[in-house]
Amino acid sequence: MKIPCFPFVRALRSVRKIQQNQCSLSLRKNQMRFSSNVNQDEKSFYTTTPIFYVNASPHIGHLYSAVLADCLSRYKQLRGFKIKCSTGTDEHGLKIQQAAETAGEDPHVFCTKVSEKFKHLFDTCSISYTDYIRTTEQRHRVAVEHMWSVLRDKGLIYKGSYEGWYSTQDESFLTASQVGDAVDSSGKNVKISLESGHKVEWMKEENYMFRLSMFRHQLLDWLKENPNAIRPERFYQDVVQWLQEDLPDLSVSRQKSRLQWGIPVPGDPNQTIYVWLDALVNYLTVAGYPGHYQQWWNVTHHVIGKDILKFHAVYWPAFLLGAGLPLPQMIYVHSHWTVGGKKMSKSLGNVVDPLDRSNVFTTDGMRYFLLRQGVPDSDCDYTDDKVIKLLNAELADSLGGLLNRCTAPALNPAQLHPMFCPKSFPFDPTEQSRAISEDYQMLSAVGNLPSIVENYYEDMHVYKALEAINACVRQTNGFVQRHAPWKLSRQNMEEKHWQDTIIHVALECLRIYGTLLQPVVPQISNKLLSKLGVKPSERSWPALNFLPRFHGMESPFEGRTLGTDTEVLFNRLERFSVKGTKPKKCKNTSKCV
Ligand code: MSP
């Protein structure tokens, strides 16, 4: 029995949904009394990645932060937003000073070398940043000095003395309850941070303090009025919890005798600005602070890992409130990648090199894996085996196989988008035809897919978006398999029309998948859409408009020539036994994983 479908009702619903989304967006903005009243450009979107410490080379966790932010930014661009996307390196502080000393290098030379490695990784992995910031740049120094002066002039910075625990690895101050006992590798009793496991030291110093304690209630009010300010929900709850507790003032400088590698406190060359205050201001520097920063600053969205939540969701908003600046619109938090269930570390020898793995699995393969398997709420364990299985199943077999079937010269000798025949696949499912209820269900699923994917992208649940796309790809493969167009005779007119319709529908589905996948796998999507003959101007969100011929409208694709590229979309990967070798491309698919 056929299941009736009501595409127009669905279309109406999705229009309403968009209108509702727009309403709730403007509502959210109105609610945000912590934003400035500056006229916001509704169509601008500023995404930031954390800036990366240059004490060590990049690993897959770093790439994950960057790929998530890039995916969000690319998605917004496809939705028609003007975008800014920043990334870069965090180069000051004791940790970097010590790393440069250990390497026996001048700190700036050392920073440049490692910063270039991050840049190279991001360029290779299609991170479409619009600005790459280094905290050692002069424009950043100007911004930090300005921020410091504003806070000082407002009486929020005072000279005091700090006594307590400090973790150089985390560049973080800790209270007694955040510190525990441990034994180090040489059998010595040491104190560690309970959160990060890094060693801490007792520190007693004259320095400048920021009146953080003054902001506890304002921060709680901000969160109460902006329940979506920190996503996912569990991290929002963590911050609310922290703010229920005591919030002591924060030391925001170190004595120059201990820390030389940083920005001196304006007016006091014996003190160096605390590296986190320095680093967080990078987001403002990129927005144009202290010049014309408002346009971008009002539409700021931070992507961060869970380990740096307190800095971004407590210290940073407090500095901004203190300086009279709007707070970020959203902070998206992600969990971590582990290897063998453990945090990656040089000493454990389990660091996964993202450049090396991208070389093995392709950069889009790596991006797809990280975004498909990475769940923001919980940690995820990395293995090469998982990558191979996932990419073979979803990119090579499912998506690649579908494209291959529908564009193979044997089935599509004219290499065209064939005509859709409304009699073969009538809009009214009760009409007699070859299409069955599963086919109507498939059309309905693909028709609804953009709005589903949109909601997931908006919420940074990229893995759910990919799950939804993959489920539809499977349905389309089922559709093609079920009707076996290769068995239909082109001499028989009715069969020919039905064969053309099957291929037309499948190519339309592929166009939707290729468009929706652009933020995740830009190169594969480009290859797919080019093969389908979809022009660059037809690849944005508003151009999605699935299967217009079924809805009685004209299709710009009918009769269009396919692209000439004959390479497969994604080569299957072979499981490889020697760690680090490049998996061979399979010739015989039955031998593959
Ligand atoms: N320099 C600070 C950030 C300053 S932002 C104003 C910093 N740098 S970092 O290099 O240590 O980390 C950068 C990003 O990588 C953070 O979002 C962090 O959570 C992320 N990751 C570091 N290790 C990670 C994993 N193992 N897994 C996933 N992401 C992780 O913190």
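Start at 1 and go down the list; that is how both ligands and their atoms are numbered. Not measured: the values here are computed from a predicted model.
Nearest non-hydrogen protein atom to atom 30 (C) of ligand 1 is His336 CD2, 3.6 Å. With respect to atom 12 (O) of ligand 1, the closest heavy atom belonging to the protein is His62 CD2, 3.9 Å. Considering only non-hydrogen protein atoms, atom 11 (O) of ligand 1 sits nearest to Tyr53 CD1, 3.3 Å. The protein atom (non-hydrogen) at minimum distance from atom 31 (O) of ligand 1 is Ile308 CG2, 3.4 Å. Considering only non-hydrogen protein atoms, atom 2 (C) of ligand 1 sits nearest to Ile51 O, 3.4 Å. In this structure, the protein non-hydrogen atom closest to atom 27 (N) of ligand 1 is Trp337 N, 2.8 Å.
Heavy-atom proximity to Met344, at under 4.0 Å, picks out these atoms of ligand 1: 26 (N). For ligand 1, the atoms sitting less than 4.0 Å from at least one non-hydrogen atom of Asp90 are 1 (N), 2 (C), 4 (C), numbered in the order shown with element in parentheses. With ligand atoms numbered from 1 in the order given, ligand 1 contributes 5 (S), 6 (C) to contacts under 4.0 Å with heavy atoms of His312. Ligand 1 places these atoms under 4.0 Å from at least one heavy atom of Asp307: 18 (C), 19 (O). Counting the atoms of ligand 1 from 1 in the order shown, those under 4.0 Å from a heavy atom of Ser335 are 28 (C). Residue Tyr283 has at least one heavy-atom neighbour below 4.0 Å for each of these atoms of ligand 1: 5 (S), 6 (C).
Here the rule is side-chain hydrogen bond (donor to acceptor under 3.5 Å, both in side chains) with Gln260, and of Gln255, Gln97, His92 only Gln97 fits it. For the ring pair (Phe, Tyr, Trp, His ring centres under 6.0 Å) criterion with Phe173, the lone passing option out of Tyr315, Trp276, Tyr274 is Tyr274.
The aromatic rings of His302 and Trp316 sit tilted relative to each other, their planes meeting at an angle between 30° and 60°. The aromatic rings of Phe52 and Phe118 lie parallel to each other, with less than 30° between the two planes, well short of the 60° mark.
Considering both main-chain and side-chain atoms, Ala279 never comes within under 3.5 Å of ligand 1 through any nitrogen or oxygen pair. Between Gly61 and ligand 1, a contact under 3.5 Å exists for at least one N or O pair. Every N/O-N/O distance between Phe52 and ligand 1 stays at or above 3.5 Å. The shortest N/O to N/O separation between Ser65 and ligand 1 falls below 3.5 Å. Annotation: Tyr64 places no N or O atom under 3.5 Å from an N or O atom of ligand 1; distance criterion only.
Using modelled atom types and a 3.5 Å distance limit, the side chains of His312 and Tyr283 yield a donor-acceptor pair. A donor-acceptor contact under 3.5 angstrom links the side chains of Asp278 and His140, judged on distance only. Checked by atom type, the side-chain pair Tyr368/Glu394 shows a donor-acceptor distance below 3.5 Å.
Aromatic rings of Trp297 and Tyr289 (six-membered ring for Trp) have centroids beyond the 6.0 Å cut-off, not under it.
Figure legend: Arg254 and Tyr166 shown as a cation-pi pair, the cationic atom lying under 6.0 angstrom from the six-membered ring centre and within 45 degrees of its axis.
Side-chain atoms of Asp249 come within 3.5 Å of backbone atoms of Ser213 as a donor-acceptor pair (strictly under, hydrogens ignored).
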TODO: Determine, stepwise, if the pair Phe215 / Phe210 fulfils side-chain contact (heavy atoms from CB on, under 4.5 Å).
DONE: CA-CA 10 Å; Phe215 293 93; Phe210 171 72; 3.6 Å; yes
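When side chains are defined from C-beta on, Met344 counts as touching Ile60, because their heavy atoms get closer than 4.5 Å. Glu195 is not listed as a side-chain neighbour of Ser172, based on a closest heavy-atom distance of 4.5 Å or more.
Proximity of Asn282 to ligand 1, defined as any heavy-atom pair under 4.0 Å, is confined to the side chain (atoms from C-beta onward). Contact annotation: for Phe311 versus ligand 1, there are no heavy atoms closer than 4.0 Å.
Proximity of His59 to ligand 1 is established by a heavy-atom distance of less than 4.0 Å. Under a 4.0 angstrom heavy-atom cut-off, Trp276 registers as being in contact with ligand 1.
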